[in-house]
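Values below: every heavy atom of this structure, side chains too, minus hydrogens, waters and symmetry copies. Residue numbering restarts at 1 for every chain, and letters A, B, ... go by the order of the sequence lines. All values reported here derive from a predicted model rather than from experimental measurement.
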Amino acid sequence: MNRTIYCGLVDESYFGQEVCLKGWVQKRRDLGNLIFIDLRDREGIVQLVFSQEFGPEALEVADSLRSEYVIEVKGKVVPRDDDAINSKMKTGKVEVEIHDVKLLNKAKTPPFYIENGINVSDDLRLKYRYLDLRRPEMQKSLITRSKITQAIHRYLDENKFIDIETPYLTKSTPEGARDYLVPSRVYPGHFYALPQSPQLFKQLLMGAGFDRYYQVARCFRDEDLRGDRQPEFTQIDMETSFMTAEEIQDLTEGLLQRVMKETLGVEMTLPLPRMIWNEAMDRYGSDKPDIRFGMELTDMADAVKNVDFKVFKTILEKGGQVKAITVPNGAEKYSRKDIESKQEYIKRFGAMGLAWLKVTENGFSGPIAKFFKNDVENIKKAANASVGDLILFVADKRKVVADALGYLRTSIANELDMVDKTKFAFLWVVDWPLFEYSEDFHRYIAAHHPFTMPNEEDIDLLSTDPHKAHAQSYDIVLNGYELGGGSIRIHQREIQEKMFKALGFTKEKAEDQFGFFLDALDYGFPPHGGLAIGLDRFAMLLSGKDNIREVIAFPKNSKASEPLTDAPSTVAQKQLDELHLDTTEE
RNA sequence: GGUCCUAUGGUGUAGGGGUUUAUCACGCCUGCCUGUCACGCAGGAGAUCGCCGGUUCAAAUCCGGCUAGGACCGCCA
């Protein structure tokens, strides 16, 4: 018999009706000659009642049912007595009197409860992922993810975007992240690479005249994992021809607005705020600031430059920064010990120490307060601090100051519950530096990627002072996460060649790696630009999770392995032979 | 590549050299129970304390190594 309806959707409109339900036994409550069973499917849970009067045989079967058994039942939907209504359940006003039950499959006792908020290791959850995914919150997260992609497909289709697939087996490029390599059987010693993103292909599609392209594209990067990073992840990849950066941003805002509306019912006001990269770094110490709370960084150089405190003086003389954040009412909340543990933490960003002052009725307190006796008002004013506040100073190179104070700002805001968790704070960060210096390679590398268009007025800097150049690039930030990013691309060979040169490529190397692309630019390539949104992070944030594993059906663990299938694994010698591969022991 | 943390019945935990026959809760099994929904009641089973080695009269407990997992730095154009 066909299923009449999902368990979670049985309501008053079914009163008196005969229904057939199929699902998993959530819980059996056996009162002897009366048995209640909660039956679960993807839409929720409904209570089944078994007793002699509804079906003696069904009652007998119900006696043998256990958690996670799969059953099919037939019965009548009835209202519950007033005193039996369960207001905690969506289906709490109804129950189904069962006269017929069929056992479809038995189940072992699962290693953890199939319910929300379980407290077990991720390792165990991943090993039994098919059970983990039965849990309502996991179903909800993956359904939210599906709603997001569906809303995106609709919006981009309505806006004349064409969905085009690009290859997964492609050419390795040394720039950027480490590639996942796939050995070629046909060409000994040759390898494909899995794409880090479809970047060049989508640009070529612009060259081909498709004008608006998009793809829900899997990307692969062989780098170490984090809570918001998996070796394979999904991007909403877009590219358009003939549009300015602002036009692309507007179009993207429309997309985000649509997604927020259709998945969470949240209305979003446009346009979104835009902040230049420099300002984000200065005010928040981050290129992806969480603007749901204040506690911004303040420059303390002027206020402390005449103070006889050697640490600050030396740093300022060497051209470094002295900046601070002021923790509202932080003097009481943070003990000396708490602050010392923060100091310990920020050492990993290269900070030498963490100076602090507590603002009291009569000046400052704290180990270094004595140095600032004569500058209390100045410093309070510069830090915008009042009695009861805690001022945290970091003095160092710009990057260290930004990293350390940026971290302190967000960690303290979370500890003091200053973050409005119901908010979705989107923000564009624009005008990024084109290059950054790599300590590893001892040269400049592309901050975004080598195809990013410099600002028009900075093009000449490519040959003279590349590090001063800024880019026509933009990141979309949500609640302190980099949600996506894009740029206007270079569409003229001459500029692209200058770019490669600035990156330290020889002509031969540029030709070898990207010759096919340079050639393409010769054949009437349109101006173009685009953007990619990290779908996993987006789904994570809209599901209120703090790890993208929660919105990926079968993710890798933090060591890049998959406990369920036990990948990666060794392979047969024959396979290696076919691929002309030899392996060495560690 | 580096730093830090964790490992005890199915699950989550207590115990930090000998009062241990290893604590508690949930789960599981058996029986009883017609209005439960954290059902209740009575009883029961279930652990070579991650692995290897060392210290010691004695190690779940202390030390070292290994393995597995987690967080972070580097890395992630």
Do Arg221(A) and Glu223(A) sit within salt-bridge range, that is, some charged N less than 4.0 Å from a carboxylate O?
no

Respond yes when some side-chain nitrogen or oxygen of Asn557(A) is under 4.0 Å from OP1 or OP2 of rG69(B), and no when none is.
yes

Between rC37(B) atom C1' and Asp30(A) atom CG, what is the distance in whole Å?
14 Å

If you go through the side-chain atoms of Asp222(A), does one of them form a donor-acceptor pair with the base of rC76(B) closer than 3.5 Å?
no

Of Glu53(A) and Glu436(A), whose closest RNA chain B nucleotide lies nearer the 5' terminus?
Glu53(A)

Indicate, with a heavy-atom threshold strictly under 4.0 Å, whether Pro111(A) touches base, sugar-phosphate, or nothing.
sugar-phosphate

What nucleic acid atoms does Phe112(A) come within less than 4.0 Å of, heavy atoms only: base, sugar-phosphate, or nothing?
nothing

Starting at atom OH of Tyr180(A), determine the distance to atom C1' of rC76(B), rounded to an integer number of angstrom.
12 Å

Given rG35(B), rG74(B), rA38(B), which nucleotide is nearest the side-chain atoms of Lys88(A)?
rA38(B)

Given atom CG of Asp403(A) and atom P of rC72(B), what is their separation to the nearest angstrom?
15 Å

rG9(B), syn or anti by chi within 90 degrees of zero:
anti

Does any donor-acceptor pair link the side chain of Glu223(A) with the base of rG74(B) at a separation under 3.5 Å?
no

Mark yes or no for a side-chain to base donor-acceptor pair under 3.5 Å between Arg226(A) and rG74(B), with no hydrogen or angle criteria applied.
yes

Check ion pair Lys202(A)-Asp237(A) (N to O, under 4.0 angstrom):
yes

Check every atom of rC37(B), rC76(B), rA71(B) against the side chain of Ala84(A) and return the nucleotide holding the closest atom.
rC37(B)

With a 3.5 Å limit on both atom pairs, tell me what rG17(B) is paired to, counting Watson-Crick and G-U wobble, or say none.
none

Does rA45(B) pair with anything, Watson-Crick or G-U wobble, both distances under 3.5 Å, and if so, with which nucleotide?
none

Applying a 4.0 Å non-hydrogen cut-off, can you work out what Thr452(A) is touching in the nucleic acid: base, sugar-phosphate, or nothing?
nothing

Using a distance-only criterion (donor-acceptor N/O pair, under 3.5 Å, no hydrogens), is the base of rG74(B) paired with the side chain of Asp224(A)?
yes

Assert yes or no for the condition that the ring centre distance of Phe517(A) to Phe451(A) is strictly below 6.0 Å.
yes

Calculate the interatomic distance between Leu59(A) atom CG and rG35(B) atom P; express it in whole Å.
14 Å

Mind checking whether Asp228(A) and Glu482(A) have side chains closer than 4.5 Å, heavy atoms only?
no

Among rG69(B), rG74(B), rU11(B), the one nearest any side-chain atom of Asp123(A) is rG69(B)

Nearest whole angstrom, please: distance from the P of rC29(B) to the NZ of Lys106(A).
11 Å

Can you tell me the pairing partner of rA22(B) across any strand shown, Watson-Crick or G-U wobble, with both distances under 3.5 angstrom?
none

So what does Glu95(A) touch, heavy atoms closer than 4.0 Å: a base, only the sugar-phosphate, or nothing?
base

Could you tell me whether the phosphate oxygens of rG2(B), OP1 or OP2, come under 4.0 Å of any side-chain nitrogen or oxygen in Arg348(A)?
no

Is there a donor-acceptor contact under 3.5 Å from the side chain of Asp81(A) to the main chain of Asp83(A)?
no

Nucleotide paired to rU6(B) in any strand shown, Watson-Crick or G-U, under 3.5 Å:
rA68(B)

Nearest-angstrom distance from the residue atom CG of Asp566(A) to P of rA68(B):
11 Å

With heavy atoms under 4.0 Å as the rule, sort Ala177(A) into base, sugar-phosphate or nothing.
sugar-phosphate

N/O (side chain, Lys27(A)) to phosphate O (OP1/OP2, rC39(B)) under 4.0 Å
yes

Where each residue is assigned the nucleotide of RNA chain B containing its nearest heavy atom, which of Thr109(A) and Leu124(A) is assigned the position nearer the 5′ end?
Leu124(A)

Hey, is the side chain of Ser558(A) poking within less than 4.0 Å of OP1 or OP2 on rG70(B), counting only N and O atoms?
yes

Test Arg409(A) against Tyr284(A) for side-chain contact (heavy atoms from CB on, under 4.5 Å), laying out the working first.
CA-CA 8 Å; Arg409(A) 179 177 172 269; Tyr284(A) 299 99; 3.3 Å; yes

Check if the side chain of Tyr345(A) and the base of rC72(B) share a donor-acceptor pair of N or O atoms closer than 3.5 Å.
no

Any side-chain N or O of Lys347(A) less than 4.0 Å from the OP1 or OP2 oxygen of rU3(B)?
no

Measure from NZ on Lys559(A) to P on rC75(B) and round the result to the nearest Å.
20 Å

d(CD1, Ile548(A); P, rA71(B)) in whole Å:
12 Å

Assign Leu225(A) to base, sugar-phosphate, or nothing according to its heavy-atom contacts below 4.0 angstrom with the strands shown.
nothing

Using side-chain heavy atoms (C-beta onward) and a distance below 4.5 Å, is Tyr192(A) in contact with Leu181(A)?
no

Can you tell me if the side-chain N/O atoms of Arg29(A) get under 4.0 Å from OP1 or OP2 in rA38(B)?
no

Taking atom types as they are modelled, would you say the side chain of Gln52(A) forms a donor-acceptor pair with the base of rU34(B) within the 3.5 Å cutoff?
no

Are Lys108(A) and Glu68(A) ion-paired here, with the side-chain N under 4.0 Å from a carboxylate O?
no

Separation between CG of Asp30(A) and CD1 of Ile35(A), rounded to the nearest 0.5 Å:
4.0 Å

Between rU8(B) and rA14(B), how far is it from one P atom to the other, in whole Å?
11 Å

Strand partner of rG35(B), provided both Watson-Crick or wobble distances fall under 3.5 Å:
none

How is Ser561(A) classified with respect to the nucleic acid when contacts are heavy atoms under 4.0 Å: base, sugar-phosphate, or nothing?
sugar-phosphate

So, does the side chain of Arg221(A) form a donor-acceptor pair with the base of rC75(B) at under 3.5 Å?
no

Confirm from the modelled atom types if Arg28(A) and rC39(B) form a donor-acceptor pair under 3.5 Å, side chain to base only.
no

Using a cut-off of 4.0 Å on non-hydrogen atoms, how would the nucleic acid contact of Asn119(A) be classed: base, sugar-phosphate, or nothing?
sugar-phosphate

